[in-house]
Amino acid sequence: MTQIASPSRRSFMVGSGSVAIGVSFGLTGTELAQAQSAGGAGYAPNAWVNIATDGMVTLMSPAAEMGQGTMTAMPMLLAEELDLDWKMVRVVQAPSNAKIFGNPRFGGGMTTGASRTVQGYYEPIRLAGLQARQVVLQAGASAMGVPAAECRTELGQVIHSSGKRMSYGQIAAVAKAPDTLPAVDKSQLRPASQFKIIGTDIDRVDVAAKTNGTARFGIDQRMPGLRYAAILRAPVQGETPASVDDAAARAIPGVQQVVRLPYGVAVVADSWHTARKARDVLKVEWSANARARQHDSDKVLAEYVARARKLDDAGVDFIKDGDAAKAIAGAARTFAATYTSEMVSHICMEPMNCTAVVQGEQIELWAPAQS
């Protein structure tokens, strides 16, 4: 357990079984950063949510942001059921800890893809947010000396029927973890007709930093004594360097080393630009025995079309819903057409990169990845 800001009093766990969310009250910026970096076994006090005494609420986003909006969508789920004022929400990327942040739709793995982020977290996170709101409501009612049944929440405040109110920030200054968490179930979740955050047009939280240049990507990682590598890869996948003439590359000031790899040749230098410059003057002869050299896109596409038109071939059911053959046979008329698309490379738009620090038997890595 991370001993920060009296976690036994200030922090508690809520959850729906498949997802457990840690909530903390009143952590300072320094304490919050320490808690966020606390990995391994045990419980980091702010695992998902921290309500500061100034009312600012920090929410963790558990999925990788790749331009699809998860950095905004995930916190929106929590904010909806916690009844937060979105203007008082700050979003940070969750650390790598699948035990806490794993996606139920990926078997608990911390993976982003296949449109499973919202699907996997939608209900568990909302239920946990609902449970956390009930805790805040009870804490606020207790602080005001009124029955919780006479209180409601709205935009980061607990409001009594008399009009008396406390902000979540004020509650965070006096609240403590409950002995018993309130029971919640799906029937208590806010219906879509009452959504205040989900489904609304909210500015994505990652856009500002990506626009003004302050966003940090994997390739932006900097460490003392960092060296850079640029890789010349085989022109055909699966082939290897047969001979390498690296004299011109090694003659460039700043080049540290030239390394032969199973799939290419790497130049290590004191800067990326030097490494790239040296890589471009390498003279490499490649093997020419890859199976890909026998691949003919036009021929393969024709084979695919022929296979698709072979209607007596049962194939393999990827998704089976109803009886398509029966419906088509009974249709008043049918329409047939063939659509094809080019074979293209399924690669990312950013430069593939990774930063590694090797210390004895340990290697620490920074890499932009979906898992």
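Computed from a prediction, not measured in an experiment: that's the story for all the values here.
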Practice task
State whether the side chain of Thr153 and the backbone N or O of Val158 hold a donor-acceptor pair below 3.5 Å, judged by distance alone.
Solution key: no

Practice task
Could you grab the distance from atom CD1 of Ile231 to atom CG of Leu282, nearest 0.5 Å is fine?
Solution key: 11.5 Å

Exercise for the section: Treat each ILVMFWY residue as a node, draw an edge where side-chain heavy atoms are under 4.5 Å apart, and state whether Leu181 and Ile125 are in one component. Expected result: yes

Handout entry: Sidechain N-carboxylate O distance under 4.0 Å for Asp246, Lys283
Key = no

Practice task
Report yes or no: do Gln257 and Arg250 form a side-chain donor-acceptor pair below 3.5 Å?
Solution key: yes

Exercise for the section: Can you measure from CD (Glu150) to CD1 (Ile159) and round to the nearest 0.5 angstrom? Expected result: 14.0 Å

Exercise for the section: Please report the closest heavy-atom contact between Met343 and Ser297, naming both atoms and the distance. Expected result: SD-OG, 4.2 Å

Practice task
Report yes or no: does Tyr121 contribute a side-chain atom to a donor-acceptor pair with the main-chain N or O of Met74 at less than 3.5 Å?
Solution key: no

Practice task
Give the cluster check for Leu226 versus Trp272: same hydrophobic cluster or not, with ILVMFWY residues linked at side-chain heavy-atom distances below 4.5 Å.
Solution key: yes

Practice task
Give the cluster check for Tyr122 versus Leu84: same hydrophobic cluster or not, with ILVMFWY residues linked at side-chain heavy-atom distances below 4.5 Å.
Solution key: yes

Fill in the blank from the handout: In short, Leu137 meets Cys151 closest at the heavy-atom pair CD1-O, 3.8 Å

Practice task
Identify the heavy atoms of Thr117 and Thr112 that sit nearest to each other, and give their distance.
Solution key: OG1-CG2, 3.7 Å

Handout entry: Non-hydrogen side-chain atoms of Ser243 and Val284 separated by less than 4.5 Å
Key = no

Problem - Backbone of Val207 reached by a side-chain donor or acceptor of Thr211 within 3.5 Å - result: yes

Problem - Glu65 and Arg204 ion-paired at < 4.0 Å - result: yes

Exercise for the section: Considering non-hydrogen atoms only, spot the tightest contact between Ala139 and Ile171 and give its length. Expected result: CB-CG2, 3.8 Å

Practice task
Enter the distance from Ile100:CD1 to Met110:CE here, rounded to the nearest 0.5 Å.
Solution key: 9.5 Å

Handout entry: Path from Ile197 to Val118 over hydrophobic side-chain contacts below 4.5 Å
Key = yes

Problem - Expected output: side-chain Thr72 to main-chain Val205 donor-acceptor under 3.5 Å - result: yes

Exercise for the section: For the pair Arg105 (side chain) and Arg116 (backbone), establish whether a donor and an acceptor sit closer than 3.5 Å, ignoring hydrogens and angles. Expected result: no

Fill in the blank from the handout: For Ala249 and Ala278 the tightest heavy-atom approach is CB-O, 3.5 Å

Practice task
Compare every heavy atom of Ala132 with every heavy atom of Val23, then report the nearest pair and how far apart it is.
Solution key: CG2-CB, 4.0 Å

Exercise for the section: Using a strict 4.0 Å threshold on nitrogen-to-oxygen distance, state whether Glu80 and Arg190 make a salt bridge. Expected result: yes

Exercise for the section: State the CD-CZ distance between Glu81 and Phe195, to the nearest 0.5 angstrom. Expected result: 7.0 Å

Problem - Any donor-acceptor N/O pair, Gln170 side chain to Ser167 backbone, under 3.5 Å - result: yes

Practice task
Answer yes or no: is there an ion pair linking Glu239 with Arg293, defined by an N-O contact shorter than 4.0 Å?
Solution key: yes

Practice task
Determine yes or no for a side-chain-to-main-chain donor-acceptor pair under 3.5 angstrom, with Gln221 supplying the side chain and Phe217 the backbone.
Solution key: no

Practice task
Check the side chains of His273 and Ser271 for a donor-acceptor pair under 3.5 angstrom, ignoring hydrogens and angles.
Solution key: no

Handout entry: Salt bridge Arg152-Asp83, side-chain N to carboxylate O under 4.0 Å
Key = no

Please list, one pair per line, the donor and acceptor atoms closer than 3.5 Å that link side chains of residues 308-320 to other protein atoms, with sequence neighbours excluded.
{"from": "Arg309", "atom 1": "NE", "to": "Thr338", "atom 2": "OG1", "distance (Å)": "3.4"}
{"from": "Arg309", "atom 1": "NH2", "to": "Thr338", "atom 2": "OG1", "distance (Å)": "3.1"}
{"from": "Asp313", "atom 1": "OD1", "to": "Gly315", "atom 2": "N", "distance (Å)": "3.0"}
{"from": "Asp313", "atom 1": "OD2", "to": "Arg307", "atom 2": "NE", "distance (Å)": "2.6"}
{"from": "Asp313", "atom 1": "OD2", "to": "Arg307", "atom 2": "NH2", "distance (Å)": "3.1"}

Completion exercise
Sorted by chain and residue number, the side-chain hydrogen bond (donor to acceptor under 3.5 Å, both in side chains) partners of Asp203 (sequence neighbours excluded) come out as none

